[in-house]
Protein chains: 4
Amino acid sequence: MAQIDKAERRQQILAAARDVFAKRGYHAAKIDEIVAAAGVARGTFYLYFEDKRGIFEEIVDRAFARLGMAITRVDPAAPVEDQIKDNIRRIVGVLLEDKATTKILLSDAVGLDPGFDRKLLVFYEEVGKLLRESLTDGQALGIVAPGDAQILAVLAMGAMKEILYQVTMRDLALGEEEIVEAIYGFLSRGFLRV
Amino acid sequence: MAQIDKAERRQQILAAARDVFAKRGYHAAKIDEIVAAAGVARGTFYLYFEDKRGIFEEIVDRAFARLGMAITRVDPAAPVEDQIKDNIRRIVGVLLEDKATTKILLSDAVGLDPGFDRKLLVFYEEVGKLLRESLTDGQALGIVAPGDAQILAVLAMGAMKEILYQVTMRDLALGEEEIVEAIYGFLSRGFLRV
Amino acid sequence: MAQIDKAERRQQILAAARDVFAKRGYHAAKIDEIVAAAGVARGTFYLYFEDKRGIFEEIVDRAFARLGMAITRVDPAAPVEDQIKDNIRRIVGVLLEDKATTKILLSDAVGLDPGFDRKLLVFYEEVGKLLRESLTDGQALGIVAPGDAQILAVLAMGAMKEILYQVTMRDLALGEEEIVEAIYGFLSRGFLRV
Amino acid sequence: MAQIDKAERRQQILAAARDVFAKRGYHAAKIDEIVAAAGVARGTFYLYFEDKRGIFEEIVDRAFARLGMAITRVDPAAPVEDQIKDNIRRIVGVLLEDKATTKILLSDAVGLDPGFDRKLLVFYEEVGKLLRESLTDGQALGIVAPGDAQILAVLAMGAMKEILYQVTMRDLALGEEEIVEAIYGFLSRGFLRV
DNA sequence: CATGAATGAGTGTTCATTCAT
DNA sequence: GATGAATGAACACTCATTCAT
């Protein structure tokens with residue numbers, strides 16, 4: 001079990017932890033099961049991670065970082081439709097690429113404890129802020145409907161989170177592009193025609 | 001402590017549990033704190049409830065029941081706008097009326113364990129089914145945009161859940177009617193005008 | 001195992017802990033052995049005591065309190081010999097009466113950790129202060145040899161501690177009165193006659 | 001790290017261990033901190049010492065050896081006062097010269113475990129035996145007060161240990177000669193003049 | 001019915017020691 | 001010899017649940 005690269009060993013444990021957390025949820029996930037899945041000894045775990053919560057936090061932080069990088073600001077000077085679709089496509093891509101982590105993000109990390117709730121809220125707030133600014137820009141140009149940009153941002157995020165939650169948790173059989181189109185259509189036009 | 005009605009005693013404990021669960025989250029909520037808040041002895045708790053998970057489940061079940069009763073089917077023969085707004089208004093009303101329970105529903109109950117995840121999924125699926133049917137009816141009448149009704153239903157629920165989650169967790173200062181209008185506007189027209 | 005008086009239950013556990021600590025030393029004493037000796041369940045221990053260190057500290061504190069009460073100030077106006085002998089007799093009596101606790105005091109509590117070292121030092125300093133004052137009084141009356149009263153106090157305490165340590169740890173077969181006389185003789189006259 | 005003498009490397013580790021043991025106490029001293037202080041790798045430690053207890057034992061054994069060599073038998077044919085003072089002076093000198101080790105001896109090694117208690121007892125008994133014989137000789141010559149020589153030996157050692165313990169642990173500001181004189185005065189004449 | 005003292009299974013974490021390179 | 005990554009035995013403590021009074 002000896003000379004693996006240190007970074008590789010971290011990844012190994014991280015991947016095992018991700019799978020166990022996704023399968024069992026945070027509290028039902030036992031260190032024992034994680035190290036068994038990673039094929040390392042109990043003590044090795046603590047060589048690479050502070051504690052159970054620490055590794056969970058790292059999984060979430062990495063996912064947030066990946067997600068953050070998938071999102072880019074919309075430039076209102078250029079055609080927006082493709083930019084928005086690309087954003088949606090990248091977000092959906094990142095989340096569907098690693099469903100275990102997505103389940104952790106959208107399910108296990110929710111309501112874990114006040115500290116974690118804050119972390120989640122902060123991340124969504126950051127995304128919301130970017131979205132809000134884009135919406136405000138768009139409103140100035142008349143390509144976004146008037147209304148409280150913050151609320152619109154929250155609603156848009158909620159819609160996306162839910163569809164991805166359902167796809168992840170229920171294995172709703174939808175192709176990525178289908179999801180992207182549905183989200184885009186919904187955000188752009190809603191669905192009521194009364 | 002003598003002459004309290006049995007049902008009243010249940011309520012007392014239930015309310016205490018709800019507050020503690022909302023304040024601490026499921027795992028950090030200790031039976032000790034619940035019984036202290038309810039002003040009963042430890043053993044008394046188990047006279048009224050099977051176990052910790054049992055009382056939590058009852059809180060969630062009651063909330064779901066209340067929520068279910070707030071939702072009524074839209075009759076496409078009559079003017080739909082008011083019917084939809086009424087539905088939204090009732091749902092928002094129920095959830096904002098008891099924020100502790102709403103926090104439990106939208107945060108603590110999420111990712112608790114596979115069994116609970118299923119319960120949540122089932123409830124949202126039931127709501128989604130009703131919504132889907134209404135949407136399908138609407139599509140037949142041309143008052144709902146075409147598209148996969150199931151996805152539309154999921155997106156609509158996600159948007160509503162998120163705004164209420166934010167209002168509950170962040171104390172976003174929004175009036176009920178404001179929320180109702182924002183949701184309705186979003187569902188009906190989206191926000192892009194490109 | 002039920003309805004014993006709460007104070008009695010504390011005593012029961014305290015006595016068991018004292019025996020185990022005395023037999024094994026602080027670190028080798030396991031909670032398991034203490035509760036087994038006390039005939040209670042693991043959890044019961046924590047119902048009565050904060051933690052392992054807490055019960056140890058209580059044992060030491062109680063011993064110090066008992067010891068403190070055995071010591072009285074010497075009144076230089078009255079004949080001092082009997083007063084001193086009485087003090088020595090009471091101290092020796094208290095320590096030989098419960099050898100397990102004495103072993104804990106003179107052996108296990110020593111060098112446990114910086115916090116405990118301080119507690120010990122503080123206690124001995126208090127005793128030393130009383131002794132020092134008595135010695136200073138005595139020096140004024142010419143019944144105590146001149147010299148740094150603090151050093152004399154320390155030396156006197158050391159002599160007493162050591163003889164009791166040896167009696168406790170080695171079962172040196174000495175009667176109480178023998179010990180008292182030896183200490184008194186030593187303190188009063190030393191042993192060199194050159 | 002290459003060309004260091006094997007014996008030198010041992011010394012290096014031994015010195016580091018001594019400092020860490022003195023600073024933290026036996027149990028709070030971690031191998032990690034010792035090897036870090038010594039500037040060697042974890043495994044290297046075990047190349048030079050059996051285990052943690054082994055190195056601790058060696059520190060104590062060496063200290064006892066040094067101490068043993070400082071003590072010489074008093075020849076009753078020659079003037080004893082200087083011989084005794086020289087003995088005290090040498091003992092005090094050895095102990096104050098390396099306060100870290102003295103703290104280990106008088107504090108950390110006490111009550112470590114039954115095995116160590118025995119080692120301490122044996123050493124003090126050996127010293128006590130030598131002292132007892134000197135005292136018995138002295139009693140035959142009338143230069144030592146009558147009384148149980150063993151008890152007198154124990155009392156004398158206790159007095160010395162305590163003053164050195166206090167000087168070491170409390171940084172009692174006393175010069176060596178002051179200490180020597182105080183001890184000698186105390187042993188020779190006690191302090192009561194009633 | 002109500003009480004609260006007693007229970008004990010369950011688990012995260014530490015750290016001395018080993019051993020492949 | 002030297003290294004430091006890996007090991008896993010050991011243990012204090014928590015807290016939901018039970019049950020004698």
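Please read these numbers as outputs of a predicted model, since none were measured by experiment. Throughout, protein chains are lettered first and strands after them, A, B, ... in sequence-line order, and every chain is numbered starting at 1.
For the pair Thr102(C) (side chain) and Leu95(C) (backbone), a donor-acceptor distance under 3.5 Å is present. In this structure, Asp5(B) contributes its side chain and Glu8(B) its backbone to no donor-acceptor pair below 3.5 Å. Of the possible polar contacts, none joining the Lys52(A) side chain to the Lys30(A) backbone as a donor-acceptor pair under 3.5 Å is found.
The interatomic distance linking Asp51(A) (CG) with dT14(E) (C1') rounds to 13 Å, in whole Å. Arg10(D) places its CZ atom 17 Å from the C1' atom of dA2(F), with the value rounded to the nearest Å. Rounded to an integer number of Å, the gap from Ile13(B) CD1 to dT3(E) C1' is 13 Å. The CG-C1' distance, from Asp32(D) to dA16(E), rounds to 10 Å in whole Å. Summarising the geometry, the separation between OH on Tyr26(B) and P on dC15(F) is reported as 13 Å, rounded to the nearest angstrom. Atom CD of Glu33(C) is separated from atom P of dC11(F) by 11 Å (rounded to the nearest Å). One atom, CG of Asp5(A), and another, P of dA6(F), lie 10 Å apart when rounded to the nearest Å.
Set against dG4(E), dT3(F), dT13(E), the side chain of Val40(D) has dT3(F) as its closest nucleotide. Here the nucleotide nearest the side chain of Leu47(B), chosen from dA6(E), dT3(F), dT3(E), is dT3(E).
Under 4.0 angstrom from either OP1 or OP2 of dA6(E) there lies at least one side-chain N or O belonging to Arg9(C). Between Tyr46(A) and dT13(E) there is a side-chain N or O to OP1 or OP2 distance below 4.0 Å.
Side-chain contact between Arg53(A) and Asp113(A): present, with at least one pair of heavy atoms (C-beta onward) separated by less than 4.5 Å.
Heavy-atom distances to DNA chain F give each of Tyr48(D) and Thr44(C) a nearest nucleotide, and the one nearer the 5′ end belongs to Tyr48(D). Checking Phe45(D) against Arg53(B), the closest nucleotide of DNA chain F that is more toward the 5' end is the one next to Phe45(D). Comparing Lys6(C) and His27(A) by the nucleotide of DNA chain E whose heavy atom lies nearest to each, the residue mapping closer to the 5' end is Lys6(C).
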Checklist line | Candidate pair Arg10(C) and Lys6(C), rule side chain to side chain contact (heavy atoms under 4.5 Å, CB included), full reasoning | finding: CA-CA 6 Å; Arg10(C) 260 187 90 83; Lys6(C) 209 164 166 173; over 6 Å; no
Next item on the list: Applying side chain to side chain contact (heavy atoms under 4.5 Å, CB included), run through Thr44(C) and Val35(C) and close with a yes or a no.
Entry: CA-CA 8 Å; Thr44(C) 306; Val35(C) 296; over 6 Å; no
Next item on the list: Give the C-alpha distance, both sets of side-chain angles, the deciding distance and a yes or no for side chain to side chain contact (heavy atoms under 4.5 Å, CB included) between Tyr48(C) and Ile55(C).
Entry: CA-CA 9 Å; Tyr48(C) 288 87; Ile55(C) 195 173; over 6 Å; no
Check: Dot-bracket for DNA chain E, 5' to 3', with Watson-Crick and G-U pairs under 3.5 Å, [ ] for crossing pairs and | for other-strand pairs: what is it?
Finding: .||||||||||||||||||||
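Phe49(A) comes within 4.0 angstrom of no nucleic acid atom, judged by non-hydrogen atoms across all strands. Nucleic acid contact class of Ala29(D) (heavy atoms, under 4.0 Å, all strands): sugar-phosphate only.
Of the listed residues (Phe123(B), Tyr26(B), Phe56(B)), just one forms a ring-ring contact (aromatic ring centres under 6.0 Å, His included) with Phe116(B), and that residue is Phe56(B).
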Under 3.5 Å donor-acceptor pairs involving side-chain atoms of residues 16-24 of chain D, not counting sequence neighbours:
from	atom 1	to	atom 2	distance (Å)
Arg24(D)	NE	Glu33(D)	OE1	2.9
Arg24(D)	NE	Glu33(D)	OE2	3.3
Arg24(D)	NH2	Glu33(D)	OE2	3.1

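Under the 30°/60° scheme for interplanar angles, the aromatic rings of Tyr124(A) and Phe64(A) are found to stand perpendicular.
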Please tabulate, one pair per line, each protein N/O and nucleotide N/O from nucleotides 9-11 of chain E that are separated by under 3.5 Å, including the distance.
from	atom 1	to	atom 2	distance (Å)
dT11(E)	OP1	Lys30(A)	NZ	3.3

